[in-house]
K.L.:
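Okay, handing you the structure first.
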Amino acid sequence: MDKINKVTVLGTGVLGSQIAFQTAYSGFEVSVYDIDEAAIAKARQRLDGLFETYEEEVAGADGDKLHAALARIALHTDLGAAVADADLVIEAIPEVLELKRQTYARLDRLAPEKTIFATNSSTLLPSAIKDATGRPDRFIALHFANQIWKFNTAEVMGTEDTDPKVFDALLAFAADIGMVPIALHKEKAGYVLNSLLVPLLNAAAELAAGGYADPHDVDKVWRIATGAPLGPFQIYDIIGLTTPYNILSHGSEHTQQLAAWLKEHYIDHGKLGVASGEGFYRYDKTPN
């Protein structure tokens, strides 16, 4: 299989922007797609913010390297143009199954036959999407943790139809962009990371939504008793509350109640997490 050179990232939210910037910083040509100019304008702000973050937090990230990274990123509102010569498409759009399936059906019509499709879905199994891609042998999951310049795991998970050469190519690509590749040997909703993290976050939400303890006190217990650097509600803020809301609202009756609590008390008040300046905590500036 030919080496991956040109990469397209679909979705310019918090994680999509990070994936695009890290890939470009690692020397790849990157095309980024989002639905309209307003979304692209926000993407430019996030990318500029990542320039500053890397300069402050990443060893060796000087101005020349960072300007070169930005120069390798092209932003598009035309999906066909974004994927015209892509070796790999990484999809990081909202966690809604039907939206992802519709997007892959469009991608299959527009992308070259050579193109590998990879979903960054946090909780959906790739087998629930694969038939919509038109190329199940070239479809795989590639899951990143938030703040990928620091928490640099990349979980690679195929389906029973994924070509082993595609699987190996994604492991190599993950290493090439500075990630630590983690191979999953069979499908697991939530991969390794979210299989551990989601139950923790849901349990925390149950404690707060049920009136048992305030979010800040839940975090204190977790940090003090386990030695963890962050509590679950601090993690919610880093992820951004919209993604957990989308996941919870498409789950069981119980998780839908947790989603309603998030929406009523936080999302409807513009408290979306770190990116908006306030979630369960307030932040002095608006990070990426």
Side-chain angles (χ1 to χ4, degrees), residues 1-13 15-21 23-24 28-44 47 72-144 154-174 177 187 189 243 246 250:
M1 178 168 292
D2 293 338
K3 180 176 169 60
I4 293 168
N5 293 304
K6 295 184 178 181
V7 179
T8 300
V9 178
L10 303 191
T12 62
L15 197 49
S17 297
Q18 291 178 22
I19 294 167
F21 194 90
T23 303
F28 291 80
E29 295 296 321
V30 179
S31 294
V32 173
Y33 167 81
D34 218 317
I35 56 174
D36 55 32
E37 289 296 338
I40 292 297
K42 290 181 180 178
R44 289 191 179 96
L47 293 170
R72 294 189 193 100
I73 301 173
L75 294 95
H76 299 271
T77 55
D78 183 326
L79 183 59
V83 302
D85 196 28
D87 298 310
L88 170 66
V89 172
I90 302 173
E91 167 264 309
I93 67 174
E95 197 78 341
V96 178
L97 177 59
E98 191 53 39
L99 176 61
K100 289 183 185 289
R101 289 178 57 83
Q102 291 171 2
T103 299
Y104 280 108
R106 289 182 65 201
L107 273 176
D108 185 43
R109 295 192 298 269
L110 296 170
E113 290 184 9
K114 68 174 183 176
T115 308
I116 297 169
F117 294 164
T119 180
N120 182 57
S121 173
S122 297
T123 57
L124 299 171
L125 289 173
S127 59
I129 305 170
K130 66 180 183 181
D131 61 306
T133 69
R135 56 188 79 186
D137 60 322
R138 301 179 73 79
F139 176 62
I140 198 164
L142 177 64
H143 183 250
F144 297 86
E155 298 175 279
V156 180
M157 181 171 72
T159 73
E160 61 184 11
D161 294 320
T162 303
D163 186 331
K165 293 181 180 178
V166 169
F167 192 93
D168 290 343
L170 266 289
L171 289 173
F173 169 75
I177 63 169
E187 280 190 293
T243 294
N246 285 336
H250 288 84

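Quick note: residue numbers are just sequence positions, from 1.
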K.L.:
Keeping the roles fixed (side chain from Thr162, backbone from Phe139), state whether a donor-acceptor pair exists under 3.5 Å.
P.N.:
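Flag set: sc Thr162 to bb Phe139 pair under 3.5 Å.
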K.L.:
What distance do Asp137 atom CG and Thr159 atom OG1 have between them, rounded to the nearest 0.5 Å?
P.N.:
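Between atom CG of Asp137 and atom OG1 of Thr159 there are 9.0 Å.
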K.L.:
Any chance you could measure Leu170, atom CG, to Ile90, atom CD1, to the nearest 0.5 Å?
P.N.:
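Answer rounded to 0.5 Å: 8.0 Å.
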K.L.:
Is the shortest side-chain heavy-atom distance between Val7 and Ile177 below 4.5 Å?
P.N.:
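No, their side chains stay 4.5 Å or more apart.
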K.L.:
Return the orientation label for the Phe28 and Phe173 ring planes: parallel under 30°, perpendicular over 60°, tilted otherwise.
P.N.:
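It falls in the perpendicular class, over 60°.
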K.L.:
How far apart are the closest heavy atoms of Ala82 and Ser31, and which atoms are they?
P.N.:
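Smallest interatomic distance, heavy atoms only, reads O-CB, 3.3 Å.
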K.L.:
Is the backbone N or O of Ala128 less than 3.5 Å from a side-chain atom of Arg101, with the two atoms forming a donor-acceptor pair by type?
P.N.:
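Yes, Arg101 side chain to Ala128 backbone: donor-acceptor pair under 3.5 Å.
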K.L.:
Checking salt bridge (Lys or Arg N to Asp or Glu O under 4.0 Å) between Asp108 and each of Arg135, Lys130, Arg138, which is the one that passes?
P.N.:
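Result for salt bridge (Lys or Arg N to Asp or Glu O under 4.0 Å) with Asp108: Arg135.
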K.L.:
Check this for me: Lys114, atom NZ, are more than 12 non-hydrogen atoms of other residues, nucleotides or ligands nearer than 6.0 Å?
P.N.:
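Counting neighbours around NZ of Lys114, more than 12 heavy atoms of other residues, nucleotides or ligands fall under 6.0 Å, so yes.
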K.L.:
Keeping the roles fixed (side chain from Ser17, backbone from Thr12), state whether a donor-acceptor pair exists under 3.5 Å.
P.N.:
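Pair found, side chain donor or acceptor close to backbone of Thr12.
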K.L.:
Decide yes or no for Ser121 and His143: does some side-chain heavy atom of the first lie under 4.5 Å from some side-chain heavy atom of the second?
P.N.:
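Side-chain contact under 4.5 Å: no.
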K.L.:
Walk me through whether Asp87 and Lys3 qualify under salt bridge (charged side-chain N to carboxylate O under 4.0 Å, His left out).
P.N.:
CA-CA 8 Å; Asp87 298 310; Lys3 180 176 169 60; over 6 Å; no
K.L.:
Quick one: closest heavy-atom pair of Ala154 and Phe144, and the distance?
P.N.:
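Scanning both residues, the minimum pair turns out to be CB-CE2, 4.2 Å.
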K.L.:
Applying the side chain to side chain donor-acceptor pair (under 3.5 Å) test to Glu91, which of Asn120, Thr119, Thr133 qualifies?
P.N.:
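Only match with Glu91 under side chain to side chain donor-acceptor pair (under 3.5 Å): Thr119.
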K.L.:
About how many Å separate NE2 of His76 and CG of Asp34, when rounded to the nearest 0.5 Å?
P.N.:
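Taking CG in Asp34 and NE2 in His76, the distance rounds to 12.5 Å.
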K.L.:
Does any non-hydrogen side-chain atom of Leu47 lie less than 4.5 Å from one of Leu75?
P.N.:
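SC-SC contact between Leu75 and Leu47 confirmed.
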K.L.:
Kindly indicate whether the side chain of Val83, heavy atoms from C-beta on, has any atom under 4.5 Å from the side chain of Tyr33.
P.N.:
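They are not in side-chain contact.
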K.L.:
Does Glu98, at its CD atom, have more than 12 non-hydrogen atoms belonging to other residues, nucleotides or ligands within less than 6.0 Å?
P.N.:
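Atom CD in Glu98 is packed in, count exceeds 12.
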K.L.:
Hey, does Ile19 have a side-chain heavy atom less than 4.5 Å from the side chain of Val30?
P.N.:
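Val30 vs Ile19: side chains apart.
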